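Beneath this line is the structure, given in structure tokens, with notes to follow.
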Amino acid sequence: MTTVLAIDPGEMTGWARGEITDGVCEVHAHGYTPWQDFVIALYHRMAADPYDAVIYESWRLRKSSALDLVGSDLQSSQCIGAIKLSCWLAQQSGKVVQVRNQEPAIKNVIDSMKGGTDYLPKSDKEHNKDAVRHLWYFAVTEKGVTP
């Protein structure tokens with residue numbers, strides 16, 4: 001069994017928790033949380049009973065959007081740093097934690113692999129749905145789960 005947390009970071013952070021066992025992926029919970037609350041909870045979880053894998057959507061400052069972000073404190077980037085720190089601290093204490101980043105573009109890929117979006121939660125929050133996508137993409141591409 002592999003316990004997985006997938007994250008779509010941002011000012012409001014989407015997350016999905018699940019397990020992959022014997023080629024089967026199950027999403028047990030998902031949500032949408034302010035990033036500061038999310039990373040504090042993640043830190044405590046990783047110190048006590050860490051996930052086997054933590055997946056997060058990458059974020060990069062691009063030239064095309066740089067001017068739009070003038071004055072921003074880049075909360076997505078800060079959230080990713082806090083996620084990585086919690087994982088690194090767990091690894092430092094001897095835990096085996098896979099840390100993976102995935103590009104935003106995987107969303108269309110996994111939807112195509114799964115034949116649409118019926119597998120996604122009924123939510124009006126895209127970050128929540130995207131976290132589920134990232135969990136499934138990891139399950140299919142790295143753990144051999146059939147879409």
Side-chain angles (χ1 to χ4, degrees), residues 1-21 25-114 117 119-145 147:
M1 173 181 69
T2 302
T3 58
V4 182
L5 177 66
I7 308 159
D8 187 4
E11 197 168 331
M12 290 296 289
T13 294
W15 55 270
R17 287 184 310 191
E19 291 179 357
I20 303 166
T21 307
C25 178
E26 293 184 41
V27 177
H28 294 299
H30 52 82
Y32 189 66
T33 307
W35 81 266
Q36 296 90 338
D37 296 336
F38 173 81
V39 296
I40 290 168
L42 175 62
Y43 168 78
H44 290 295
R45 168 67 190 258
M46 294 304 285
D49 182 24
Y51 294 98
D52 298 313
V54 175
I55 317 309
Y56 65 91
E57 183 175 299
S58 62
W59 182 90
R60 289 179 180 76
L61 180 61
R62 303 204 186 282
K63 184 177 181 178
S64 60
S65 62
L67 287 177
D68 294 335
L69 294 170
V70 169
S72 167
D73 61 358
L74 306 176
Q75 295 207 9
S76 293
S77 181
Q78 290 184 50
C79 183
I80 290 169
I83 291 164
K84 290 166 75 173
L85 178 60
S86 290
C87 293
W88 293 335
L89 290 172
Q91 291 169 336
Q92 193 74 24
S93 66
K95 308 292 191 313
V96 176
V97 180
Q98 297 177 54
V99 183
R100 300 284 190 272
N101 69 318
Q102 295 175 350
E103 294 298 319
I106 66 90
K107 298 170 202 174
N108 295 329
V109 174
I110 193 62
D111 286 352
S112 178
M113 289 175 159
K114 299 231 3 117
T117 59
Y119 73 102
L120 295 173
K122 305 301 180 223
S123 172
D124 62 343
K125 308 297 185 198
E126 285 302 313
H127 286 295
N128 184 11
K129 292 178 184 179
D130 290 348
V132 172
R133 287 178 167 113
H134 286 290
L135 195 154
W136 267 100
Y137 187 80
F138 173 79
V140 169
T141 62
E142 292 203 35
K143 296 297 179 180
V145 171

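Keep in mind that this is a model prediction, so the values were computed, not measured.
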* To do: Determine whether Phe138 and Lys143 make a side-chain contact, defined as any pair of heavy atoms from C-beta on separated by less than 4.5 Å.
  => yes

* If you draw a 6.0 Å radius around CD in Glu11, do more than 12 non-hydrogen atoms from other residues or ligands fall strictly inside? -> no

* Structure fact -> CH2 of Trp35 to CD1 of Ile40, rounded to nearest 0.5 Å, is 9.0 Å

* Just say parallel, tilted or perpendicular for the rings of Tyr119 and Trp136, cut-offs at 30° and 60°. => perpendicular

* **Distance, nearest 0.5 Å, that separates CD of Gln91 from CE of Met46** => 7.5 Å

* To do: Starting at NZ of Lys95, measure out to SG of Cys87 and round the result to the nearest 0.5 Å.
  => 12.5 Å

* To do: With the side chain counted from C-beta on, respond yes when Leu5 and Leu135 share a heavy-atom pair under 4.5 Å apart, and no when they do not.
  => no

* To do: With side chain to side chain donor-acceptor pair (under 3.5 Å) as the test, would you mind laying out the steps for Asp52 and Thr2 before giving the verdict?
  => CA-CA 6 Å; Asp52 298 313; Thr2 302; 4.9 Å; no

* Asked: Do Arg100 and Tyr56 meet the cation-pi criteria used here (NZ or CZ under 6.0 Å from the six-membered ring centre, within 45° of the axis)?
  -> no

* CA sep, side-chain torsions, deciding dist, call: Asn128, Ser123, side chain to side chain donor-acceptor pair (under 3.5 Å) -> CA-CA 7 Å; Asn128 184 11; Ser123 172; 3.2 Å; yes

* Atom pair OH (Tyr51) and CD (Glu19), whose distance is rounded to the nearest 0.5 Å -> 10.5 Å

* **Point-to-point distance, once rounded to the nearest 0.5 Å, from CD1 of Ile7 to CZ of Arg17** => 12.0 Å

* State, to 0.1 Å, how close Phe38 and Thr33 come at their nearest heavy-atom pair, and which atoms those are. => N-CG2, 3.9 Å

* Verdict with supporting geometry, Trp15 and Asp8, side chain to side chain contact (heavy atoms under 4.5 Å, CB included) -> CA-CA 6 Å; Trp15 55 270; Asp8 187 4; over 6 Å; no

* **Note, Gln98 side chain near Val54 side chain (heavy atom, < 4.5 Å)** => no

* **Contact summary for Ala90 and Ser93, nearest pair of heavy atoms** => O-OG, 2.9 Å

* To do: In plain terms, say whether Arg133 and Glu57 are close enough for a salt bridge, that is, a side-chain N and a carboxylate O under 4.0 Å apart.
  => no

* Sub-4.5 Å side-chain heavy-atom contact between Ser86 and Val39 -> no

* Verdict with reasoning, Ser58 to Glu103, per side chain to side chain donor-acceptor pair (under 3.5 Å) -> CA-CA 5 Å; Ser58 62; Glu103 294 298 319; 3.2 Å; yes

* Nearest heavy atoms of Ser76 and Pro9, plus distance in Å -> OG-O, 3.6 Å

* Asked: Can you list the steps and then say if Leu89 with Tyr43 is a side chain to side chain contact (heavy atoms under 4.5 Å, CB included)?
  -> CA-CA 9 Å; Leu89 290 172; Tyr43 168 78; 3.9 Å; yes

* Asked: Do any N or O atoms from the side chain of Gln102 and from the backbone of Ile55 form a donor-acceptor pair under 3.5 angstrom?
  -> no

* Any side-chain heavy-atom pair of His134 and Ile110 under 4.5 Å -> no

* For Tyr32, does its backbone N or O pair with a side-chain atom of Lys125 as donor and acceptor, under 3.5 Å? -> no

* To do: Check whether any side-chain heavy atom of Lys107 lies under 4.5 Å from a side-chain heavy atom of Tyr137, and answer yes or no.
  => no

* Structure fact -> Output for pair (Thr3 OG1, Asp49 CG), nearest 0.5 Å, gives 7.0 Å

